Amino acid sequence: MAKNIRNSKKQKRHEKNKTEDNLIYYGLFLLMMITPLIISLNVSSYSSPIIDEIESLKFNTSDMFNHAKAIMLWSITFILMCLFTYKTVKNKDILITKYNYFAIALFFFLSVSLLFSPYKIGAFWGSPTYYEGALTYFCLIALFLIIVNLKLNEQRKIALFFSLAPFVVVNLILGLLNYFTINVINQGWMKGLIGIGSNTVSQDGYISSTLPNPNYISGASGFIFTLFFSLAIFHKSKKVKIYALVLAFFSFISVLTSFSESGFIVILVLLPIIIAIGIFLNKEQLKINLQLVTTLLLVSVVSLSLMANNNDLVWKNTVGMFINSEKTTKSEQSDNTNTTGPLADNVFSNSSVNKENEENNDQNLYNDIGIPEIPKAGVSSLNGRIYIWKKTFEIWEESPVFGYGLTTLRYYIDQDDAERISNLGANNVIIGKPHSLYLGWLYGGGIFVFLAFIGFFLTLALEFIRSIVNKNNDPILMGTGFAFVAYCIQGLVNDSTMGSSIIFWILLGILGNQLVNKRVN
């Protein structure tokens with residue numbers, strides 16, 4: 001009798017946990033599928049801290065890409081965290097894993113860094129248009145913690161992967177429209193969709209993706225490609241393989257239409273590694289996998305060739321990075337021939353000797369009247385990143401322990417530095433982020449935040465490598481593991497951004513969940 005009562009209570013607790021797990025899962029599905037797609041105009045007044053001896057910056061700022069995504073992330077994460085906390089406290093249903101301790105450590109060190117930040121409000125919310133402050137990272141870490149401790153079967157994990165299909169397809173369409181120079185931002189239906197209304201759009205304004213920068217959509221498409229390509233190689237279901245391969249191909253095309261290098265480089269690096277490991281660990285499916293890989297490579301090479309012939313920027317940002325070619329892009333041609341009028345031919349017919357004489361005469365004039373030499377305009381290594389990294393690291397050295405607060409770089413870096421024109425191509429560029437995920441942690445959070453993140457990522461990476469060595473060919477583990485590696489590689493030269501970081505941290509949670517489940521089993 002007593003045993004039956006205990007079993008009945010256990011069954012009721014299980015059913016209650018199942019209901020709460022379902023609600024959390026549906027919230028994650030919504031967050032994964034909808035949030036990265038949202039584009040909505042937000043105009044707000046902004047007053048920065050005092051960044052020089054005169055006054056602070058006061059202006060109206062507009063954002064279409066990150067504000068609504070941030071609101072969605074904060075709101076849904078709060079609801080999911082309440083459900084998770086209630087479930088944990090009520091039923092004492094939580095796994096004790098090393099990832100829980102990492103999450104707690106990250107919460108703690110980020111909080112301490114925030115308390116010591118000179119600009120706490122900016123460090124908490126994130127600077128305007130970025131919204132990648134401490135609050136966002138609290139939410140992302142909370143999502144990881146929730147997913148690691150969530151009961152998810154394989155079907156639900158696969159469903160979360162394919163919830164990215166709308167993001168892939170929509171950005172494929174926007175990228176192709178931009179590739180064919182079809183600008184949709186001035187269309188009435190698009191203005192209504194994103195809430196532009198009576199607001200005007202600049203003549204050179206355009207939308208090429210649901211993320212705010214070509215580098216970001218290239219990077220996001222790159223690690224999404226590795227997710228679906230790995231799933232196609234390691235999953236046993238032929239239907240899942242085909243769907244995953246199609247989405248991998250769509251992601252590759254999005255990389256090409258972004259006109260940015262990062263996604264292509266990570267695909268180039270990881271593609272042969274995934275194929276080699278697939279052959280080694282999944283020999284029973286060798287025939288069908290070779291057919292899939294051959295098909296993907298064939299259509300990808302043909303697509304790249306056709307698109308590169310129509311637009312030289314595709315070639316320049318892919319194969320052209322490694323192969324010298326006489327092709328010049330349209331932008332390069334315009335830079336070399338931007339002088340018009342009746343004197344244009346005479347100006348461009350001058351010899352290099354005459355040009356050097358003119359520069360020398362100008363410099364002599366500067367020296368005679370005491371004006372210092374002005375650096376020549378140009379772009380330094382990695383599109384000016386080396387210069388930004390150097391300046392950011394110099395600032396971090398002045399406060400290495402607690403940092404300055406996430407996304408507050410624009411308040412501390414010298415925006416009037418004369419070297420900017422020779423490194424960034426112009427003297428009016430506002431440097432807002434360090435263009436490196438890891439340097440952003442180091443500068444913004446200090447050494448303890450940086451080490452906590454690095455230790456966390458290294459632990460996941462080592463466990464993923466160990467699973468490969470142990471010949472674990474689980475498709476979910478392989479897909480999320482290689483997506484994780486792809487994101488970490490791109491983090492060397494790219495910042496975190498709201499749309500792709502949500503996708504990444506949910507996938508990271510699934511990776512942690514899979515590693516925990518395999519260890520328990």
Side-chain angles (χ1 to χ4, degrees), residues 161-162 164-184 206-211 213-233 238 240-275 278 288-332 479 482-483 486 489-490 500:
F161 294 161
F162 284 106
L164 289 172
F167 176 81
V168 172
V169 172
V170 168
N171 281 287
L172 170 71
I173 294 171
L174 289 175
L176 286 173
L177 288 173
N178 181 61
Y179 171 81
F180 289 110
T181 65
I182 300 173
N183 191 359
V184 297
Y206 67 96
I207 291 180
S208 61
S209 73
T210 62
L211 301 182
N213 189 290
N215 288 333
Y216 296 147
I217 190 60
S218 177
S221 299
F223 79 79
I224 291 174
F225 172 91
T226 61
L227 168 71
F228 286 117
F229 182 71
S230 301
L231 198 62
I233 293 295
K238 187 176 291 187
V240 171
K241 281 177 174 289
I242 293 173
Y243 288 158
L245 199 72
V246 170
L247 290 176
F249 174 68
F250 287 172
S251 298
F252 177 73
I253 298 300
S254 291
V255 170
L256 300 184
T257 58
S258 70
F259 307 133
S260 181
E261 304 96 334
S262 62
F264 184 79
I265 291 174
V266 80
I267 290 174
L268 206 62
V269 170
L270 292 182
L271 186 65
I273 296 175
I274 297 171
I275 294 173
I288 187 173
N289 282 342
L290 287 177
Q291 292 173 345
L292 292 174
V293 169
T294 303
T295 302
L296 178 65
L297 291 178
L298 181 61
V299 296
S300 297
V301 169
V302 171
S303 300
L304 193 156
S305 177
L306 292 174
M307 294 176 70
N309 284 333
N310 186 60
N311 191 322
D312 293 339
L313 285 174
V314 174
W315 175 268
K316 178 186 176 184
N317 292 288
T318 53
V319 183
M321 291 186 291
F322 312 101
I323 300 176
N324 291 328
S325 173
E326 294 181 357
K327 289 185 177 183
T328 57
T329 66
K330 295 176 182 178
S331 60
E332 289 173 337
F482 280 113
I489 292 173
Q490 293 174 37
S500 60

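Computed from a predicted structure; not experimentally measured.
Heavy-atom neighbours of Tyr243 OH from other residues, nucleotides or ligands within 6.0 Å: at or below the threshold of 12.
Checked by atom type and distance alone, the side chain of Asn171 pairs as donor or acceptor with a backbone atom of Thr210 at under 3.5 Å. At least one donor-acceptor pair closer than 3.5 Å links the side chain of Ser251 to the backbone N or O of Leu247. Side-chain N or O atoms of Ser258 include one that pairs as donor or acceptor with a backbone N or O of Val255 at under 3.5 Å. For the pair Ser218 (side chain) and Pro214 (backbone), a donor-acceptor distance under 3.5 Å is absent. Side-chain N or O atoms of Lys241 include none that pairs as donor or acceptor with a backbone N or O of Leu231 at under 3.5 Å.
Taking CG from Asn183 and CD1 from Ile207, the interatomic distance works out to 8.0 Å, rounded to the nearest 0.5 Å. Here Ile233 contributes atom CD1 and Asn289 contributes atom CG; the two are 4.5 Å apart, rounded to the nearest 0.5 Å. Separating the OG atom in Ser209 from the CZ atom in Phe167 is a distance of 7.0 Å, to the nearest 0.5 Å. One distance of note links CG of Asp312 with CG of Asn317; it measures 11.0 Å at 0.5 Å rounding. Once rounded to the nearest 0.5 Å, the distance linking CG of Leu172 with OG1 of Thr257 reads 7.0 Å. To the nearest 0.5 Å, the span separating CD1 on Ile173 from CD1 on Ile253 amounts to 13.5 Å.
Taking 4.5 Å as the limit, some side-chain heavy atom of Phe322 sits within range of a side-chain heavy atom of Leu268. In this structure, Phe229 and Val293 have side chains that are in contact, with non-hydrogen atoms separated by less than 4.5 Å. Side-chain contact between Ile217 and Ser208 is absent, with no heavy atoms from C-beta onward closer than 4.5 Å. Using a 4.5 Å heavy-atom threshold, the side chains of Phe249 and Phe228 count as separate. Side-chain contact between Leu174 and Asn178 is absent, with no heavy-atom pair separated by less than 4.5 Å. Looking at heavy atoms from C-beta onward, Phe223 lies in side-chain contact with Ser500 at the 4.5 angstrom threshold. At a threshold of 4.5 Å between non-hydrogen side-chain atoms, the residues Phe225 and Leu296 count as touching.
Shortest non-hydrogen contact noted between Ala483 and Leu227 is CB-CB, 4.1 Å. The two atoms that bring Met321 and Lys316 nearest to each other are CG-O, 3.4 Å, heavy atoms only. Nearest heavy atom pair, residue Ser254 against residue Ser221, reads CB-OG, 3.4 Å. Across every non-hydrogen atom of Leu256 and Leu304, the tightest pair is CD1-CA, 3.9 Å. The heavy-atom pair separating Ile224 from Val168 by the smallest distance is CG2-CG2, 3.9 Å.
Residues meeting the side-chain contact (heavy atoms from CB on, under 4.5 Å) test with Leu270, sequence neighbours left out: Thr226, Val266, Ile273, Ile274, Val485, Ala486, Ile489. Take Phe264 and apply the ring pair (Phe, Tyr, Trp, His ring centres under 6.0 Å) test, not counting sequence neighbours, and it matches no residue.
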